[in-house]
Participant: 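The structure's right below; bear with me while I get my questions together.
Please read these numbers as outputs of a predicted model, since none were measured by experiment. Computation of the quantities below employed the complete heavy-atom set of this structure, encompassing side-chain atoms and omitting hydrogens, waters and symmetry-equivalent molecules.
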Amino acid sequence: MLSLHSLDSFLFSLSRILCTPFAIFIQIQGCIICLLLALGWALAARVRNREIKQMTDSMKNGNSLSFLCHDINELEHSNQVNLPRVTVVMPLKGFGEHNLHNWRSQITSLYGGPLEFLFVVESTEDPAYRAVSQLILEFEDYVDAKIIVAGLSTTCSQKIHNQLVGVEKMNKDSKYVLFLDDDVRVHPGSIGALTREMEKKPEIFIQTGYPLDLPSGSLGSYCIYEYHMPCSMGFATGGKTFFLWGGCMMMHADDFRQDRYGLVSGLKNGGYSDDMTLAAIAGAHKRLISSPPVAVFPHPLASDLNFGRYWNYLRKQTFVLESYITNVNWLMNRALFAFHSWASWGFVTPYFMALIHVVAALRFYTKTYSFEEMPYTSGGLVLVTILAICTLVELLSMWNLTRIEVQLCNMLSPEAPQLSLASYNWCLVFVAMLVDNFLYPISAVRSHFSQCINWSGIRYYLKDGKISKIERTQRSKDMDPVFTDLGGKHLYGKKVFPTRSSFLGSLLRSLAQWHQPKKFDN
């Protein structure tokens, strides 16, 4: 067996090797990645903070409804009656602990124009069907909402199939269609803000937003939060962006009616990812994607989100890079695959090197070796110190952006329970940064070679970037419910839920009575 003296000698030699020029370059590269992330989050925080300032100034000027609109004159009845009709399409799958709250936030919008909500499920056996049916029954006198059974998809993902069926059923007078995921918790003025931007800038092809993850405390939930945070800076531009999130997409309804740019056929014929497909179409035809600064939505993660569900989510995220509709789209996905993998391991590797430097230093100074006796250099501690400073700057920038987005969400939803930073564990955030970036290239490589993925109990196979085969697992009614996705949703079985009303629901009823007084005379 090797003696401790021999192991120490090996450790010190390894620490010296990690102080060679190439090793130093790798460690400095990691520091640069940290600082670039910190800079990106700082710029994103500036955009979000500018919106907070505008809302605050508006309130100081007497506009108590600044969470709906900066200019209170736009809320006059003469302006509201001219607002365009919007159809909200919500593809559903399963029922989880946060879904009812999310759906309530969606249908209790304070948008002043004509609005219809289409909840789309694949079958009446879906637990979401019963839950939504009761919710619609509760609000039937106040909102125009219906549930649609889309049937099973055969040529595209079930989500895209549900979306397209919803588009087919939307009102013929709808000017805009808004796609919302069932894990999106929107603000009372979100639909109005998105519509207002579409009216001001008709050249916008798609309007989008991004979630603010609310970790539940598990490492898996923090990995989800950490995965989304670098992407969030691409959505906090206050306008033009190249990114698109499928959880919130507002588009011109006529683009679907006329199959403009082949977007309907592109989605229907082998489409796996709605946002990646539409982003590729927008890029190919040089159409504008926009993300307003108020389009940030609270995204509570499941209280029992374990590491296995996080890994399944990561697999789904890397799998989208295997789908494409054009050769240019394929090339962009390969570039993103390579860059993200390089950046992930380029970020993680310096921390493994730093660990070796720290252990070597502890062994050297606790055993009181002399420099003549052991090949040790203290240069490694200098690199560790630089990395620690850069990491601290990065975490502070991430904390600041999260703090500002929490504040913005609280201002945009004054009636909702206030969000807080107190629940965030920043030690777990740091651990999640290492875990998520280490696993991303592994997940990406596995997705590339497997060319198949299990999404909410459905297995999809790709060929030439498009879905070529769909397999569904048959389950008996006696089997336990299956949980999947970030919300921990029940894909099978029943789920009991409360029917409590909210302050916003009462306000919505008041508005409905104001718009249609005769309906409430009796």
Side-chain angles (χ1 to χ4, degrees), residues 153-161 163-164 167 179 203-208 210 227 230-231 233-235 237 240-247 249 251-252 254-291 313-346 440-455 458-471:
S153 63
T154 57
T155 61
C156 59
S157 69
Q158 187 64 47
K159 178 185 177 182
I160 289 178
H161 176 69
Q163 289 173 324
L164 294 179
V167 167
F179 299 105
E203 69 273 16
I204 293 177
F205 182 51
I206 310 175
Q207 272 224 98
T208 189
Y210 206 62
Y227 176 82
C231 302
M233 64 183 72
F235 291 85
T237 61
K240 181 178 179 180
T241 182
F242 298 101
F243 297 89
L244 181 60
W245 179 51
M249 301 185 298
M251 303 180 64
H252 296 269
D254 281 344
D255 286 346
F256 284 91
R257 295 187 180 106
Q258 301 170 15
D259 192 14
R260 191 166 289 150
Y261 311 119
L263 63 88
V264 173
S265 53
L267 289 167
K268 181 182 293 185
N269 300 324
Y272 168 76
S273 170
D274 54 340
D275 48 15
M276 292 292 282
T277 301
L278 291 173
I281 292 174
H285 296 277
K286 296 180 173 55
R287 294 304 309 274
L288 176 62
I289 300 175
S290 179
S291 179
Y313 175 78
L314 184 62
R315 284 272 288 113
K316 289 192 295 183
Q317 295 303 301
T318 56
F319 189 73
V320 300
L321 297 179
E322 302 304 314
S323 64
Y324 55 91
I325 58 174
T326 64
N327 291 333
V328 173
N329 186 204
W330 174 86
L331 187 61
M332 294 296 292
N333 286 357
R334 292 303 95 203
L336 184 59
F337 173 100
F339 173 78
H340 200 158
S341 297
W342 163 79
S344 292
W345 276 4
Y440 181 90
I442 298 174
S443 175
V445 170
R446 181 177 176 184
S447 296
H448 177 69
F449 287 104
S450 68
Q451 292 293 296
C452 68
I453 190 70
N454 187 315
W455 183 4
I458 306 174
R459 185 170 294 276
Y460 298 100
Y461 294 84
L462 294 185
K463 183 178 181 182
D464 297 328
K466 299 182 182 297
I467 290 178
S468 61
K469 182 180 177 183
I470 301 176
E471 290 182 353

Participant: Could you label the plane-to-plane angle of the Y210 and F235 rings as parallel, tilted or perpendicular, counting under 30° as parallel and over 60° as perpendicular?
Facilitator: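 Parallel, since the angle between the ring planes stays under 30°.
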Participant: Rounded to the nearest 0.5 Å, what separation is found between the CZ atom of R287 and the CD1 atom of I206?
Facilitator: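 It comes to 9.0 Å.
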Participant: With D255, which residues qualify under salt bridge (charged side-chain N to carboxylate O under 4.0 Å, His left out), at least two apart?
Facilitator: R260
Participant: To the nearest 0.5 Å, tell me how far W245 CH2 sits from S291 OG.
Facilitator: 10.5 Å
Participant: So, using ring pair (Phe, Tyr, Trp, His ring centres under 6.0 Å) as the criterion, who are the partners of F205 when residues are at least two apart?
Facilitator: Y261
Participant: Atom CZ in F256, atom CG in L267: separation rounded to 0.5 Å?
Facilitator: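 Taking CZ in F256 and CG in L267, the distance rounds to 6.5 Å.
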Participant: Mind checking what makes ring pair (Phe, Tyr, Trp, His ring centres under 6.0 Å) contact with F337, not counting sequence neighbours?
Facilitator: none
Participant: If I compare all heavy atoms of H252 with all of I204, which pair ends up nearest, and what's the gap?
Facilitator: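 Scanning both residues completely, I find the closest heavy atoms to be NE2-O, 2.9 Å.
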Participant: If you measure from OG on S344 to CD1 on I442, what distance do you get to the nearest 0.5 Å?
Facilitator: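 These two atoms lie 10.5 Å from each other.
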Participant: Evaluate the side-chain proximity of L314 to Y227: yes if any heavy-atom separation is below 4.5 Å, no if none is.
Facilitator: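 Y227 vs L314: side chains touch.
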Participant: Under the ring pair (Phe, Tyr, Trp, His ring centres under 6.0 Å) rule, collect the residues that match up with H448, sequence neighbours excluded.
Facilitator: none
Participant: Could you state the interatomic distance from OH (Y460) to OG (S323), rounded to the nearest 0.5 Å?
Facilitator: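 Interatomic distance, Y460 OH to S323 OG, rounded to 0.5 Å: 12.5 Å.
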Participant: How many angstroms lie between CD1 in I325 and CG in L263, if you round to the nearest 0.5 Å?
Facilitator: 9.5 Å
Participant: Begin from the C-alpha positions of S443 and T318 and carry the test side-chain hydrogen bond (donor to acceptor under 3.5 Å, both in side chains) through to its verdict.
Facilitator: CA-CA 7 Å; S443 175; T318 56; 2.8 Å; yes
Participant: Which atom names give the shortest non-hydrogen contact between F243 and T208, and what distance separates them?
Facilitator: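 Here F243 and T208 meet closest at O-CG2, 3.9 Å.
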Participant: Under 3.5 Å, which donor-acceptor pairs do the side chains of residues 463-470 form with other protein atoms, sequence neighbours left out?
Facilitator:
unit_1 : atom_1 : unit_2 : atom_2 : d
S468   : OG     : Y461   : O      : 3.3
K469   : NZ     : E471   : OE2    : 3.1

Participant: Can you pull the salt bridge (charged side-chain N to carboxylate O under 4.0 Å, His left out) pairs that have at least one residue in residues 443-455, sequence neighbours excluded?
Facilitator: none
Participant: Output every pair passing side chain to side chain donor-acceptor pair (under 3.5 Å) with a member in residues 329-340, not counting sequence neighbours, ordered by first then second residue.
Facilitator: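 The answer is E322-R334, H340-Y440.
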Participant: Is R315 reaching over with its side chain to a backbone N or O of A444, donor-acceptor style, under 3.5 angstrom?
Facilitator: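 Checking the backbone N and O of A444 against the side chain of R315, no donor-acceptor pair under 3.5 Å is found.
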Participant: Not counting sequence neighbours, which residues clear side-chain hydrogen bond (donor to acceptor under 3.5 Å, both in side chains) with Q207? List them please.
Facilitator: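 None.
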Participant: Restricting to ring pair (Phe, Tyr, Trp, His ring centres under 6.0 Å), what partner residues turn up for H161, sequence neighbours left out?
Facilitator: none
Participant: Can the ring centres of W455 and Y272 be said to be less than 6.0 Å apart?
Facilitator: yes
Participant: Before you tell me yes or no, could you show the steps for L331 and Y324 under side-chain contact (heavy atoms from CB on, under 4.5 Å), namely the whole-Å CA-CA distance, both residues' side-chain angles and the distance that decides it to 0.1 Å?
Facilitator: CA-CA 9 Å; L331 187 61; Y324 55 91; over 6 Å; no
Participant: Keeping to residues at least two apart or across chains, list the side chain to side chain donor-acceptor pair (under 3.5 Å) pairs with something in residues 275-285.
Facilitator: S273-D275
Participant: Of all residues at least two apart in sequence or in a different chain, which pass the salt bridge (charged side-chain N to carboxylate O under 4.0 Å, His left out) check with D259?
Facilitator: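 Once residues adjacent in sequence are excluded, D259 has no partner under the salt bridge (charged side-chain N to carboxylate O under 4.0 Å, His left out) criterion.
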Participant: If the condition is side-chain hydrogen bond (donor to acceptor under 3.5 Å, both in side chains), which residues does D254 pass it with, not counting sequence neighbours?
Facilitator: R257
